[in-house]
> 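Have a look at the structure that comes next, please.
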2 protein chains.
Amino acid sequence: MRLTHLADYAVVMMTAAARREPCARLSATDLSQDTGVPLPTAQKLMQRLAAHGLLVGHRGAGGGYALARPVGEITLADIVEAVEGPFAMTVCSEGRTDCALDAHCRVKPHMGIVGDKVRGALGAVSLQELAQ
Amino acid sequence: MRLTHLADYAVVMMTAAARREPCARLSATDLSQDTGVPLPTAQKLMQRLAAHGLLVGHRGAGGGYALARPVGEITLADIVEAVEGPFAMTVCSEGRTDCALDAHCRVKPHMGIVGDKVRGALGAVSLQELAQ
DNA sequence: CCTAAATCGGACTGGAAAGCTCCGATTAGA
DNA sequence: TCTAATCGGAGCTTTCCAGTCCGATTTAGG
């Protein structure tokens with residue numbers, strides 16, 4: 001029950017962005033230098049965060065990314081979900097039924113509820129709190 | 001943010017044990033047949049669960065495992081923590097400081113709190129609820 | 001006392017997913 | 001129109017997890 005390195009990096013980068021001016025243009029290079037995250041990795045992460053609507057990208061010279069929403073409306077759950085995928089405690093919660101235990105499993109109906117609880121715990125932490 | 005297969009298997013096995021009589025002797029073979037978990041994997045999991053005080057092992061002929069506590073006093077958090085290790089969102093929360101971002105990281109102090117929240121969410125679910 | 005059954009502990013192999021890097025496509029500014 | 005800086009996707013290497021096997025230890029029963 002721990003975050004992947006990519007999700008950890010994403011949280012660090014988003015908090016670094018939250019400390020800047022709102023709507024400021026942030027390039028992947030800028031955040032890479034601020035946080036220490038390797039540049040190619042930072043690029044890949046910002047792509048995913050933009051694809052999930054947490055950042056908006058502006059291309060071309062002078063472009064970069066900007067927070068899509070106010071810092072109070074972006075939660076830890078949003079960031080983790082953008083990088084790691086949906087909060088499913090088990091693979092069978094995602095619709096996949098290729099589980100060898102599926103026939104005898106009596107726990108499956110409860111796992112969706114558990115996932116929601118975990119998501120609620122992370123959803124209660126906003127970027128504003130993380131940035132102090 | 002998902003459980004490993006081993007933790008998933010452990011939850012299924014513990015719920016299967018919870019449906020038996022309290023204090024019943026359960027061998028790894030029994031639970032393996034009931035749940036469909038491969039026998040060697042079941043053995044390894046029960047070792048870990050016993051090492052963390054969730055099961056008590058009885059060696060020798062007629063031996064087996066039994067739940068160490070009533071089903072209402074064993075939570076999902078206990079099981080996951082026994083198999084996956086402590087609830088640390090990041091490696092730096094466990095005391096390791098070999099993180100390249102450590103110097104600039106301003107999020108580290110908050111991660112311990114986040115881990116506690118997640119643990120609380122899983123700690124609110126007891127074996128009794130999972131077994132219906 | 002002896003046999004048999006079952007747990008405990010370790011080390012080893014295979015496989016999947018994460019993590020990192022490089023290269024092409026697109027766009028704004030001069 | 002040309003240049004420069006960025007977004008976006010594809011590929012590869014590496015690390016960690018999952019599964020398996022073996023031997024050692026212990027206890028109940030005949």
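Only this structure's heavy atoms are used, side chains among them; waters, hydrogens and symmetry mates stay out. Letters A, B, ... are given to chains in the order of the sequence lines, protein chains preceding strands, and every chain is numbered from 1.
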> Just to verify, what does B:Arg59 make a side-chain contact (heavy atoms from CB on, under 4.5 Å) with, not counting sequence neighbours?
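With neighbours one apart ignored, the set is empty.
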> With sequence neighbours excluded, tell me which residues meet side-chain contact (heavy atoms from CB on, under 4.5 Å) with B:Pro40.
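Counting only residues at least two positions away or on another chain, B:Pro40 forms a side-chain contact (heavy atoms from CB on, under 4.5 Å) with B:Pro38.
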> How close or far is atom P of C:dG29 from atom NE2 of A:His58, stated in whole angstroms?
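So the two atoms are 11 Å apart, to the nearest Å.
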> Quick one: side-chain hydrogen bond (donor to acceptor under 3.5 Å, both in side chains) partners of A:Glu81, sequence neighbours excluded?
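If we apply the side-chain hydrogen bond (donor to acceptor under 3.5 Å, both in side chains) test to A:Glu81, skipping adjacent residues, the hits are A:Arg119.
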> Is the number of heavy atoms from other residues, nucleotides or ligands under 6.0 Å of A:His110 NE2 greater than 12?
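Yes, enclosed.
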> Need one value for A:Gly57: base, sugar-phosphate or nothing, where a base atom within 4.0 Å counts as base even if backbone is also close, heavy atoms only.
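No contact.
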> Which residues, if any, of residues 46-55 of chain A bring a heavy atom under 4.0 Å of DNA chain D?
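Per residue number, the list reads A:Gln47.
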> Could you go over nucleotides 18-24 of chain C and give all protein N or O partners under 3.5 Å, atom names and distances?
{"from": "C:dG19", "atom 1": "OP1", "to": "A:His5", "atom 2": "N", "distance (Å)": "2.5"}
{"from": "C:dG19", "atom 1": "OP2", "to": "A:Leu6", "atom 2": "N", "distance (Å)": "3.4"}
{"from": "C:dC20", "atom 1": "OP2", "to": "A:Thr41", "atom 2": "OG1", "distance (Å)": "3.4"}

> Could you tell me which residues satisfy side-chain hydrogen bond (donor to acceptor under 3.5 Å, both in side chains) with A:Ser27, sequence neighbours excluded, listed by chain and number?
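Listed in chain order: A:Asp30.
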> Do any side-chain atoms of residues 67-75 of chain B form donor-acceptor pairs under 3.5 angstrom with protein atoms, and if so which ones, sequence neighbours left out?
{"from": "B:Arg69", "atom 1": "NH1", "to": "B:Glu73", "atom 2": "O", "distance (Å)": "3.2"}
{"from": "B:Thr75", "atom 1": "OG1", "to": "B:Ala77", "atom 2": "N", "distance (Å)": "3.4"}
{"from": "B:Thr75", "atom 1": "OG1", "to": "B:Asp78", "atom 2": "N", "distance (Å)": "3.3"}
{"from": "B:Thr75", "atom 1": "OG1", "to": "B:Asp78", "atom 2": "OD2", "distance (Å)": "3.1"}

> Excluding sequence neighbours, so at least two apart, what forms side-chain hydrogen bond (donor to acceptor under 3.5 Å, both in side chains) with A:Gln43?
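With neighbours one apart ignored, the set is empty.
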> Heavy atom of residues 28-37 of chain B under 4.0 Å from DNA chain C: which residues?
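The answer is B:Ala28.
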> Just jot down the side-chain contact (heavy atoms from CB on, under 4.5 Å) partners of A:Gln33, sequence neighbours excluded, or say none.
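side-chain contact (heavy atoms from CB on, under 4.5 Å) list for A:Gln33, sorted by chain: A:Thr29.
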> My understanding is that only residues two or more places apart in sequence, or in another chain, count here; which of them pass side-chain contact (heavy atoms from CB on, under 4.5 Å) with B:His58?
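With neighbours one apart ignored, the set is B:Arg25, B:Val56.
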> Who passes side-chain hydrogen bond (donor to acceptor under 3.5 Å, both in side chains) against A:Thr35, sequence neighbours left out?
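Listed in chain order: nothing, the list is empty.
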